[in-house]
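Structure first, then comments.
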Amino acid sequence: MSNIVVVGTQWGDEGKGRVIDLLTRRVGAVVRYQGGSNAGHTVVVNGQRFVFHLIPSGILHRGKKCIIGSGVVVDPEVLLKEIEDLQKRGIIVNELYLSESAHVVMPYHKQVEEWEENQRGKLRIGTTKRGIGPAYTDKIARRGIRISDLLIKEALRKKLIINLNFYKKLYGIDFSIDELTSKYLSYGEKLKDYITDTSLLIYQLMRKGEDILFEGAQGTLLDVDYGTYPYVTSSNCIAGGACTGVGIGPGKITEVLGVAKAYTTRVGKGPFPTEIKGEIADALRERGKEYGATTGRPRRCGWFDGVILRYAARINGLNKIILTKLDVLDKLNKVKICTAYRYKGKIIRNFPAQESIWKESEPIYKELKGWEKDTSKITSFKELPQAARDYLKRVEEIGEVPIYLLSVGPQREDILAMNS
Ligand code: GDP
Ligand code: IMO
Ligand code: MG
């Protein structure tokens, strides 16, 4: 039995989608455990690009179960569109399962989010505007609407009356109860064949000896408890979130794999100690096509941060990592890895918990020679230029976690084992 959690080790967009797609071959099911349509997971197969927001990134493999767990907040409109778009492209979506306990993102969540962001002004978070924060807020405040409510008119109406009353009084947001009830019941009707008790389904699959992959969205530094709060998302993206997000015991998880990009990116606001601006940052953005898969926003770019990799290894209990996008560094004549931070003259090796320290920390770098050779066509570790091997060795040493696979391109096959 092997039940593997795949998590982002940085601020998201590390290449989790392409990793999940690759590993799906080995398992019976892939499960999303948190987040919502704020995620944009890209998979490229035979030159065709797919971006998944809610559907697990294993869906391109026929016969594999793709499960959306109870920890995900689901925008039914986005999910239905995603299913439709896949079907139009000839992908069969008959092994999709949606948790009846997952919470629903409602249109008023998006309006509140916009209002809140405007209130914050300069201190805005720079969210994806997908209603994620307010949907999780309703869940925790115990007034949320769950997927199972979309199947029962009276249940939905009753909850909507409470919610719409609340949103009207507090934010002046007004929706027609009748219109919303009929719209969301129609979504329930369209989704009903996918809706089930996914925790039970996963338990039964495990009992049959099926291997399962748990797909994290966002990344460790965007986790609501362990990320760069308040510049985070509203869920537990870390490996621990997989247990609560799908309803399994911690003992069932056999391995945790981290996905790390060979440099660092971040979308939205918030601290980013190794951020760089200028020519090199622009080169990384253009070569790495660093534009948000969900919002199209340009991603902020910077050097690889070993402090956050060590932190991610600790917080997630990483067994190993998959390093992606090494090829994006190919043209640089020097590359840098942050080994520690300097704060008020003191050296900090462990990722600090305080916002004021992130802001004022200065990265301490190990500078290495660039390899200035094309790595995107290589198929084995042995073919890598020596300078690239040195870089990988340093990442492992500074991050204190071994690299297991190395990705050198966006296509499914552009990946190699470290011992190849
Ligand atoms: P995710 O959110 O973690 O799944 O990552 P995204 O899909 O948002 O962003 C990763 C981007 O990098 C996508 O456009 C991928 O196609 C691309 N990508 C993934 N791995 C590699 C790689 O090794 N090299 C290059 N050049 N692109 C990659
Ligand atoms: P994937 O799964 C990168 C960021 C937003 C913002 C913050 C809060 O593709 O890696 P939210 O809409 O979640 O309330 O926004 O989190 N963010 C992501 N950044 N990749 C993602 O997902 C993200 N999902 C949210 O930019 O800074
Ligand atoms: Mg993404």
Side-chain angles (χ1 to χ4, degrees), residues 6-22 32 34-45 47-54 56-57 72-73 75 105 109-110 113-114 116-117 124-137 215-224 227-235 237 258-272 284 286-300 322-330 374-376 378 405-416:
V6 174
V7 283
T9 60
Q10 296 157 327
W11 280 280
D13 303 327
E14 298 90 348
K16 299 174 293 293
R18 70 102 64 240
V19 167
I20 291 286
D21 168 68
L22 182 90
R32 264 285 300 273
Q34 46 67 236
S37 57
N38 49 350
H41 296 174
T42 315
V43 176
V44 187
V45 184
Q48 274 202 71
R49 183 170 180 267
F50 297 84
V51 180
F52 303 112
H53 301 290
L54 283 162
S57 306
V72 176
V73 286
D75 185 331
V105 178
H109 291 143
K110 292 180 199 162
E113 181 173 21
E114 198 176 335
E116 277 188 8
E117 283 280 79
R124 75 185 189 282
I125 289 160
T127 72
T128 59
K129 301 184 178 163
R130 297 301 187 267
I132 305 301
Y136 278 115
T137 303
E215 175 176 3
Q218 290 79 52
T220 303
L221 277 295
L222 287 173
D223 182 276
V224 68
T228 44
Y229 191 92
Y231 300 98
V232 292
T233 191
S234 300
S235 63
C237 325
V259 185
K261 204 179 278 194
Y263 48 98
T264 315
T265 61
R266 172 163 207 172
V267 215
K269 309 278 269 181
F272 178 0
L284 292 176
E286 291 320 306
R287 251 185 92 74
K289 300 196 174 69
E290 296 297 355
Y291 295 89
T294 298
T295 59
R297 290 178 291 176
R299 295 173 180 155
R300 297 155 66 192
I322 294 152
L323 197 81
T324 62
K325 304 188 96 161
L326 185 79
D327 55 300
V328 175
L329 303 178
D330 281 354
D374 182 5
T375 61
S376 68
I378 65 155
L405 296 172
L406 178 68
S407 169
V408 291
Q411 294 272 350
R412 186 181 269 172
E413 58 277 11
D414 297 337
I415 201 156
L416 47 115

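Order of appearance sets the numbers: ligands from 1, and atoms from 1 within every ligand. Computed from a predicted model, the values in this text were never measured in an experiment.
When OD1 of D13 and O of G40 are joined through the Mg ion (ligand 3), the resulting angle is 170° to the nearest 10°.
Judged by the shortest distance from any of its heavy atoms, G126 lies inside the 4.0 Å radius around the atoms of ligand 2. Ligand 2 lies less than 4.0 angstrom from a heavy atom belonging to R297. Residue contact check for ligand 2: G219 places no non-hydrogen atom closer than 4.0 Å to it.
The shortest contact between atom 6 (P) of ligand 1 and any protein heavy atom is with G40 O, 3.6 Å. Here the protein heavy atom with the shortest distance to atom 10 (C) of ligand 1 is D13 O, 3.8 Å. Atom 23 (O) of ligand 1 has S407 OG, 2.5 Å as its closest protein atom, hydrogens excluded (heavy atom only). Among all protein heavy atoms, the one lying closest to atom 24 (N) of ligand 1 is D327 OD1, 2.8 Å.
Applying the side-chain contact (heavy atoms from CB on, under 4.5 Å) test between R130 and each of T295, T233, V73, D75 identifies T295 as the sole match.
Taking only nitrogen or oxygen atoms, main chain and side chain alike, I132 does not reach within less than 3.5 Å of ligand 2. Of the polar atoms of L326, none of the N or O atoms is found under 3.5 Å from an N or O of ligand 1, judged by distance alone. Checked by distance only, ligand 2 and R130 stay at 3.5 Å or farther apart across all their nitrogen or oxygen atoms. The shortest N or O to N or O distance between E14 and ligand 2 is not under 3.5 Å. Where the criterion is an N or O separation shorter than 3.5 Å, residue side chain and backbone included, K325 meets it with respect to ligand 1. Polar contact with ligand 2: absent for K129 (N/O pair, distance under 3.5 Å).
With a 4.0 Å heavy-atom cut-off, ligand 2 is reached by the side chain of K16 but not by its N, CA, C or O. By the criterion of a heavy-atom distance under 4.0 Å, neither the backbone nor the side chain of Y231 is placed next to ligand 2. Under 4.0 Å from ligand 2, the heavy atoms of V232 that appear belong solely to its backbone.
The ligand atoms of ligand 2 that sit less than 4.0 angstrom from a heavy atom of L222 are 4 (C), 16 (O), 17 (N), 18 (C), 19 (N). For ligand 2, the atoms sitting less than 4.0 Å from at least one non-hydrogen atom of W11 are 3 (C), 19 (N), numbered in the order shown with element in parentheses. Under a 4.0 Å criterion applied to the non-hydrogen atoms of G268, ligand 2 contributes the atoms 27 (O). Listed by atom number, the atoms of ligand 1 under 4.0 Å from G17 heavy atoms are 4 (O). Short contacts between ligand 2 and A217, defined as distances under 4.0 Å to a heavy atom of the residue, involve ligand atoms 2 (O).
If you check each of V51, T42, V408, V7 against atom 7 (O) of ligand 1, the one with the closest non-hydrogen atom is T42. Of the listed options I125, V259, D13, T127, T127 places a heavy atom closest to atom 15 (O) of ligand 2. Counting only non-hydrogen atoms, the option in R299, R49, R18 that gets closest to atom 9 (O) of ligand 1 is R299.
Side-chain polar atoms of R18 and T324 form no donor-acceptor pair below 3.5 angstrom.
Taking backbone and side-chain atoms together, K16 has no N/O/S atom less than 2.8 Å away from the Mg ion (ligand 3).
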